[in-house]
Amino acid sequence: MHTNDLRQLAGRLIMIRLFGTALDADTAGFIRANRIRGACLFRQNMVDAAQLTRFTDDLKDAMGEEALIALDQEGGAVVRALWVPPPPSAMALGAAGDAALARDVGAAVARAIRALGFNWNFAPVLDLNNNPRNPVIAERSFGADPAQATTLALAWMAGSESEGVACCVKHFPGHGDTHVDSHRDLPTVNKPLAELERFEFAPFRTAAPHAPAVMTAHIVYPALDPDHPATMSRAILHDLLRARWGYEGVIITDGMDMHAIAHRYGAGEAAVNALVAGADMVMAIGSRATQEETIAAIAAAIADGRLPLHEVHARLARLDGLAHAHPASSVPYATEDADRALMAQAWRRALTARGNPHRPAPRARVRLVARQDVVSDGVSEAGVPAGVIAAMLRRLFDVDLVTFADAEAFDWNALPDDGRFTILASTSRRRYGPHARATWTPDLHLALWNPYQALDFAAPALLTYGFAPPALDAVQAWLAGAADAHGHCPVPGF
């Protein structure tokens, strides 16, 4: 087989990241020359609906009818298109506990992104979050109970499928019980196999017959494979998922630029290892040089038989089937107003009270304490600025805003003792440290992102599981006495 033919086979097995907000001629040429059919777009690729639709239309033209154009539009803090109706996080839906609502939200998410030209959404998260110190999952999970989380995830997936967008459940076989972010390092989930089967594996095993695609976790599970992260483990991807569970859909890796992989393996070596283990597509979302290295390594592995040709064609058939069942084409978005109302209703139904919180009296003197820094962590979008929270509260109260840069250095006791009702608004995912937990005493804690932050203080709390505008509207309605908090936090400790 000619080198060019091998490179084109390899190109069909990778998904690339793009740079900029339009498809330039050089990138289009690279895509066509290597027959690349997969692209994942991120926030930096997006300006507005008109720009993004042109971008995805151009991508489909370059990639062909079997294009797979993807993004992470989970809901909550992990969304990329910010102007469409903002979906609640998975844990917000877990707090609402309504499968019909989850289905409606999944369908609405799909309608919005399909209108933008996407046919693949890297959602929902099937990780069960039972570790309060998990730095990257938290509210992205539907909860800690396998049965309830799976029911809601399946409903969300059914809604997406009904609107023609493929889902991709993640992060197989489970990222919930870690205290390490695989974007930063290589986590290990060192549990006995029986416990993994009962807990982490349960949602994936149940969802497998219904999931068009599964995304792998860059995590080591010693009970299954002590030497390789799941992304590169044949024992996990082939023996467990394919052979034992009979999974027939697409297996795609998580981003191979994440430190758990990139700091331990060369890009080409990692890609070949993942495909040999059983993955169908490698998410090569690094630089162009990384993508070139990945294609060359996969082509060499096909040539020397490490990736047998018949197995390559089986992978291509699965990817072709995914694309054919979910064509990439932008369509008119006729339901935006209704979808926006649906999302607002879902956010409001998620509101959860902890510790019998009390509302300040109308026009009360309030002091808001919030973090200055709300930058993106690279996975989630940037949090809501303190000034936005203050503006919301000022519609109801007389507000004094105090911000901090470092929670562990902030002296709560230095706040004036002037009788103001003190509200702490948590606007990042980061848990609080020992100094804050021991010395901070808010009258009300608005946990606007990570619900586990409500456990850091012996203070009444209102949990939203996210900071999108309709979540803040729900908080304002609660503070004004126009809404109640009927949600139930779906993880232990609440």
Side-chain angles (χ1 to χ4, degrees), residues 70 72-79 87-97 99 102-103 105-106 109-110 120-131 134 136-161 165-178 181-182 187 189 191 195-219 221 224 229-231 233 236-237 240-242 244-255 279 283 322 379 465 490-491:
D72 298 285
Q73 193 80 356
E74 296 175 13
V78 182
V79 290
S89 64
M91 197 171 285
L93 292 171
R103 189 188 193 284
V105 167
V109 170
W120 202 2
N121 189 4
F122 292 145
V125 167
L126 284 190
D127 305 318
L128 297 172
N129 205 95
N130 69 333
N131 187 335
N134 192 312
V136 71
I137 302 299
E139 82 294 339
R140 297 169 66 193
S141 165
F142 287 99
D145 178 72
Q148 183 195 25
T150 305
T151 295
L152 294 173
L154 287 173
W156 199 100
M157 290 164 57
S160 181
E161 187 69 28
V165 175
C167 288
C168 182
V169 298
K170 59 187 185 184
H171 306 81
F172 174 76
H175 202 319
D177 196 3
T178 67
D181 178 357
S182 52
V189 175
K191 290 182 172 182
E195 189 173 348
L196 292 170
E197 292 273 7
R198 180 185 62 81
F199 192 73
E200 274 82 1
F201 294 176
F204 292 98
R205 187 173 56 245
T206 302
H210 311 280
V214 171
M215 181 180 287
T216 67
H218 301 329
I219 299 176
Y221 302 81
L224 289 168
T231 294
S233 171
I236 294 175
L237 300 189
L240 177 65
L241 183 56
R242 285 271 188 240
R244 187 170 152 204
W245 293 359
Y247 182 63
E248 297 179 352
V250 166
I251 301 174
I252 184 171
T253 73
D254 206 342
M283 200 183 301
L322 184 71
V379 180
Y465 314 94
V491 294

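Starting from 1, each residue takes its place in the sequence as its number.
Take P203 and apply the side-chain contact (heavy atoms from CB on, under 4.5 Å) test, not counting sequence neighbours, and it matches L126, L128, T150. With sequence neighbours excluded, no residue satisfies side chain to side chain donor-acceptor pair (under 3.5 Å) with Q73. Partners of D72 according to the side chain to side chain donor-acceptor pair (under 3.5 Å) rule, which considers only residues two or more places apart in sequence or in another chain, are K170. By the side chain to side chain donor-acceptor pair (under 3.5 Å) test, S160 pairs with no residue at all, sequence neighbours left out. Checked against side chain to side chain donor-acceptor pair (under 3.5 Å), S141 has no partners two or more places apart in sequence or in another chain.
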What's the verdict on side chain to side chain contact (heavy atoms under 4.5 Å, CB included) for T151 and F142, showing C-alpha distance, side-chain angles and the deciding distance?
CA-CA 10 Å; T151 295; F142 287 99; over 6 Å; no

L240 vs F201, side chain to side chain contact (heavy atoms under 4.5 Å, CB included): CA-CA, chis, key distance, verdict:
CA-CA 10 Å; L240 177 65; F201 294 176; 3.9 Å; yes

Checking side chain to side chain contact (heavy atoms under 4.5 Å, CB included) for the pair K191/R198: CA distance, chi angles, key distance, verdict?
CA-CA 11 Å; K191 290 182 172 182; R198 180 185 62 81; over 6 Å; no

With side chain to side chain contact (heavy atoms under 4.5 Å, CB included) as the test, would you mind laying out the steps for E74 and V125 before giving the verdict?
CA-CA 8 Å; E74 296 175 13; V125 167; 3.7 Å; yes

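In this structure, D254 and H171 have side chains that are in contact, with non-hydrogen atoms separated by less than 4.5 Å.
For residues 201-214, the set of pairs meeting the side-chain hydrogen bond (donor to acceptor under 3.5 Å, both in side chains) definition, not counting sequence neighbours, comprises E197-R205.
Between the side chain of R242 and the backbone N or O of Y247, at least one donor-acceptor pair lies under 3.5 Å. Remark: side-chain polar atoms of T253 are not paired, donor with acceptor, to backbone N or O of T216 under 3.5 angstrom.
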